[in-house]
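Below you'll find the structure, written out as structure tokens, and then a few comments.
Not measured: the values here are computed from a predicted model.
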Amino acid sequence: MAWRKNCDSMITTPIYYINGDPHIGHAYASIAADIIVRFKRLDGEKVHFSTGTDEHGIKVARSAENAGIGVREFSDQASQKFREMSSAVNLTDHDFIRTTEERHRKSAQAFWKLLENDIYKGAYSGWYSARDEEYVTAEDVVDGKSPSGATVEWMEEESFFFRLSAYQNRLLEHYEKYPEFIAPISRRNEVIAFVKSGLKDLSISRNKFDWGIPVPDSEGHIMYVWIDALVNYITSLGFPNDLRRVSEAMSNCIHIVGKEILRFHAVYWPAFLMSAGITLPKRIFAHGWWTRDGQKMSKSVGNVVDPFAMITEYGLDPLRYFLFREIRFGEDGDFSETTLRKRISYDLANDLGNLVQRVLAFIQKLGGSLTVNYDFSIKEKELYALSRNLVERMRPLIEKQNLHGALDCAWELIAESNKFVSDMKPWELAKTDVARLNCVLTALCESIRAISFGLAPFMPDTTRKIFDFMNVDGKSFTEVERDFTNQRCNPPVPLFPREK
RNA sequence: CGCGGGGUAGAGCAGUCCGGUAGCUCGUCAGGCUCAUAACCUGAAGGUCGGAGGUUCAAAUCCUUCCCCCGCAACCA
């Protein structure tokens, strides 16, 4: 247990762009980060956990206009929905940061100043659609029209540029030196290929609208939303104050991001940080995307999965479980309610729920208290060993964000425990050999406690229920190492009742 | 010749780096148990590992070539 740290570390979710409602993808990223944070905190680590909303940019300004309300009011309402989502998915203690907060304006402007050696004024040019009020990429321009059918014209505006081109080699060196910097590996390869193909300088300001953070000392220019957004992570740590803490936490920071925004995090953000002289994060993990019943989720098709509705329908813990058991974290997967129901029924109700029920109900039958007996035979010893090191086996997997693998470990023990019950036949021992019976039940209670601890980061409410049945405190993984003493158990209630 | 990922039992995937009787989950079929949420446990069937060629005593795994699917391709939340 020597590796346990007590220094600051940080886990982040992306800050979510408020132009749309929270959907399952947002919930997914948040829950992933939450699982990692909870695991580390149970391990005694001090973790800073941040999430929040990204609220600037012309799209938001236009949405507010369409909604007929002020942009500030629009942002407040939209951000609130994400705050509600954070609470609906049961995020553990965290900082919820909004890019429209004063602390963030200060932070972003201070950050900009640190970059000034790498910033120069130039002209940004491209095909501009006056009706859409935005630039259209050359590829999207067909017959002089934007995808929305508006005519486009070649425009130039004064813009600040960041000398990204100067960082190409330093970035490649960093990727080389820290192979764990970008995950999964396939994504890492993509990023490296992209950087090797050559980096151009980056336009980092706009002057055609004003819903953003003003560039310091430059009337009319506002920061490009990405530079604004990325800075949120250090704002949350207290930047521009508390620089020691900023560096310390960043050096131990994992950014959980969606694969669509990996480039910003794995290329632009590190380049900015290098320029600013701030420590780079330890790792950037890009998760995949969910399809819905095999189809891409899209608003126009109307098949977007609403996390609030899923929680209402199936419960939070089952949803949290499903999202990380069904696919390997980092890969794409398919969200199907049929599959979700199967997972609940087979994995949660039959395997886990029934194990807890059959053991604890049995103890109730015997009078409701566990008379411990650690005079184990080889069979109990085997199960006991598996129980004692479950968390140990999960830890390196969690460290690599292999959340799927960590759940597999827990289910391995669940399966072993169910098998153990069948093999040991406690219902027969109850009539023939009470000492052996107590050994069997003690081993089973140990395994149920271990399983509950292992699952705590994934299904905190479920773990709490089991601990309440067993009168286990459950505040820290260190508790797994303590033997039970004789204790009363409460009558269990099925954890995942069968429907109807 | 843009870059990358992938094509393995009905479905979803692991195994490919370091060649050596093809594994997991679900589904299907059969059996056992009765503590438990009709849950649990055991066993079986099912694959010429995308096609073709090559290296080798031996290839899903190495080499060559072809076919198919999916991402990314620059400032886009």
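Under the rule for a side chain to side chain donor-acceptor pair (under 3.5 Å), A:H174 has no partner lying at least two apart in sequence or in another chain. Annotation: salt bridge (Lys or Arg N to Asp or Glu O under 4.0 Å) contacts of A:E446 (sequence neighbours excluded): A:R388, A:R449.
Proximity of the aromatic rings of A:F162 and A:Y167 is defined here by a centroid distance below 6.0 angstrom, and this criterion is met. Aromatic ring centres of A:F322 and A:F335: separated by under 6.0 Å. Between A:F329 and A:Y28, the distance separating the two ring centers is shorter than 6.0 angstrom.
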With sugar-phosphate taken as primed atoms, P, OP1 and OP2 and all else as base, the protein-contact string of nucleotides 27-37 of chain B at under 4.0 Å (heavy atoms; B, S, -) is S-----SSBBB
Nucleotide by nucleotide, nucleotides 5-18 of chain B touches protein heavy atoms under 4.0 Å in the pattern (B base, S sugar-phosphate only, - none) --------SS----
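Note on A:I327: nothing from the nucleic acid sits closer than 4.0 angstrom, heavy atoms only. Backbone-only engagement by A:F264 is indicated by non-hydrogen atom pairs under 4.0 Å involving sugar-phosphate atoms exclusively. Among the protein residues, A:K419 comes within range of the sugar-phosphate backbone only, with heavy atoms under 4.0 Å from sugar or phosphate atoms but none that close to a base. Residue-level contact check: A:G258 touches neither bases nor backbone, having no heavy atom under 4.0 Å from any strand.
In RNA chain B, consecutive stretches of 3 or more Watson-Crick or G-U wobble pairs with both distances under 3.5 Å are given as paired ranges: B:2-7 with B:67-72, B:10-13 with B:23-26, B:28-32 with B:40-44, B:50-54 with B:62-66.
Rounded to an integer number of Å, the gap from CG of A:L262 to P of B:A74 is 16 Å.
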Table please: side-chain donor-acceptor pairs of residues 14-23 of chain A below 3.5 Å, with sequence neighbours left out.
residue: A:Y16; atom: OH; partner: A:H26; partner atom: O; Å: 3.1
residue: A:Y16; atom: OH; partner: A:S30; partner atom: N; Å: 3.4
residue: A:Y16; atom: OH; partner: A:S30; partner atom: OG; Å: 2.7
residue: A:Y17; atom: OH; partner: A:H56; partner atom: O; Å: 3.0
residue: A:N19; atom: OD1; partner: A:S63; partner atom: OG; Å: 2.6
residue: A:D21; atom: OD1; partner: A:K81; partner atom: NZ; Å: 2.8
residue: A:H23; atom: ND1; partner: A:G25; partner atom: N; Å: 2.9

